[in-house]
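Read the structure below first, then the notes.
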Amino acid sequence: MTTTATDPVDAAADSAELARLVREEIARRRISRQALADMARISLSTLEKALAGKRSFTLATLLRIEDALGVSLRPGAEGQAAPAMAGPIVPDVAPDTMGAYARSAVTWLEGRYLTLRPSFGTPGGLFAYLTTVCWMPEKGCLGFAESGRSDSRFEQAGHVSMPNLSGHIYLVTNEQGQYRLAILSRPTIEGQMFGILTTLEVGSGSQLVPAAAPIALRKLVDGESVELGLVTADMGHFSIYSEMLGRATGGDFARLHLPS
């Protein structure tokens, strides 16, 4: 019988073993379950229920978790010669091309961030979503992933570069040579980062148009919830979000130059 992405993983014993492996990977990486859920682009509820044995892992969920962790957890999975925990030890220093930062030196950056930028489709509106940053041991660098976007099919994931030369933080997506980049300041005392996002915006029909916009991030405390999605002027949290995003250019963290 053919297995589909929505089928549960075979037996209860297998699912329990998978839950144990995932819990160990979470502990080994010192990340939260929410961070893993964000990186794997699944709901926290789905992850919690699977780890508690209240539901089996579906193949689709397991594949997303494996991709986020960079390991194969399924017995007999292609490329898995030994249990995940027996894999090679990787350096705790990012490659030179990403700034050669040490794992121990960037723990302060890990966490979940409220992310704001102008809405590309609603004039005067803002767009709010989450960005999760955490260390990816198998890749030897910080990674990031977006979640909570109302246009979830456009959610981005990639790596974090932190070169000493500029002192800025770069969130880089590279999908088959197609790049998207956010250049951010170091966090302020309030845990906020500001900068510029360069991406592609949907134009007429299937056309994609290069676009740039200010962007702002604020680190969330554990358990903090925030309003996400399209934010318009008639919403109560619009003024707070607008003021925060306005600091990107108003505070000279980023400059947008247009011909006069």
Side-chain angles (χ1 to χ4, degrees), residues 1-92 103-104 106-107 109-114 129-149 152-153 155-160 219-226 228:
M1 183 172 63
T2 302
T3 300
T4 68
T6 56
D7 287 338
V9 175
D10 297 335
D14 290 339
S15 192
E17 175 64 8
L18 288 170
R20 182 187 69 81
L21 291 174
V22 173
R23 288 195 297 269
E24 289 186 4
E25 289 293 322
I26 290 173
R28 188 163 69 91
R29 285 163 169 74
R30 293 172 290 174
I31 61 174
S32 68
R33 294 184 177 188
Q34 179 67 69
L36 175 58
D38 289 345
M39 294 293 287
R41 303 182 192 183
I42 60 177
S43 71
L44 178 60
S45 174
T46 295
L47 178 61
E48 292 280 12
K49 289 177 181 177
L51 294 181
K54 295 181 179 179
R55 63 185 295 180
S56 297
F57 288 94
T58 65
L59 180 58
T61 295
L62 191 55
L63 288 172
R64 284 174 176 261
I65 291 173
E66 287 181 336
D67 185 58
L69 294 174
V71 298
S72 294
L73 300 170
R74 291 160 293 148
E78 182 179 356
Q80 182 176 325
M85 265 54 71
I89 298 175
V90 297
D92 279 351
R103 165 77 175 96
S104 59
V106 294
T107 55
L109 188 59
E110 295 181 89
R112 301 168 68 232
Y113 293 81
L114 167 66
Y129 54 94
L130 298 176
T131 300
T132 299
V133 176
C134 70
W135 185 263
M136 300 186 296
E138 281 65 33
K139 297 183 179 179
C141 67
L142 286 171
F144 78 93
E146 298 174 354
S147 61
R149 288 181 54 157
S152 58
R153 63 196 176 104
E155 288 177 350
Q156 304 286 318
H159 71 264
V160 180
K219 194 171 189 178
L220 302 176
V221 300
D222 289 343
E224 182 179 359
S225 61
V226 288
L228 304 176

Worksheet item: Are the side chains of Trp135 and Asp92 in touch, meaning some heavy atoms are under 4.5 Å apart?
Response: yes
Practice prompt. Could you check Thr131, Thr132, Asp222, Asp38 and say which one makes a side-chain hydrogen bond (donor to acceptor under 3.5 Å, both in side chains) with Arg112?
Written response: Asp38
Item to complete: Kindly compute the distance separating OH (Tyr129) from CD (Glu155), expressed to the nearest 0.5 Å.
Response: 10.0 Å
Practice prompt. Could you pull out all residues at least two apart from Arg149 that satisfy side-chain hydrogen bond (donor to acceptor under 3.5 Å, both in side chains)?
Written response: Glu146, Asp151
List the atom pairs, donor and acceptor, that lie under 3.5 Å between side-chain atoms in residues 46-53 and the rest of the protein, sequence neighbours left out.
| from | atom 1 | to | atom 2 | distance (Å) |
| --- | --- | --- | --- | --- |
| Thr46 | OG1 | Ser43 | OG | 2.7 |
| Glu48 | OE1 | Arg33 | NH1 | 2.7 |

Item to complete: Just do the side chain to side chain contact (heavy atoms under 4.5 Å, CB included) check on Phe57 and Ile65 with the steps written out, would you?
Response: CA-CA 10 Å; Phe57 288 94; Ile65 291 173; 3.7 Å; yes
Discussion item. Checking Val22 against Leu36 for the side chain to side chain contact (heavy atoms under 4.5 Å, CB included) test, could you report, in this order, the C-alpha distance in whole Å, the side-chain angles of both residues, the deciding distance, and whether it holds?
Written reply: CA-CA 10 Å; Val22 173; Leu36 175 58; 3.8 Å; yes
Response to the item:
CG of Leu130 to CG of Leu220, rounded to nearest 0.5 Å, is 6.5 Å
Worksheet item: Going by an N to O cut-off under 4.0 Å, is there a salt bridge joining Glu110 and Lys219?
Response: no
Discussion item. Quick check for you: to the nearest 0.5 Å, what is the distance between Ser147 atom OG and Ile42 atom CD1?
Written reply: 11.0 Å
Item to complete: Quick one: closest heavy-atom pair of Gly143 and Met136, and the distance?
Response: CA-CE, 3.4 Å
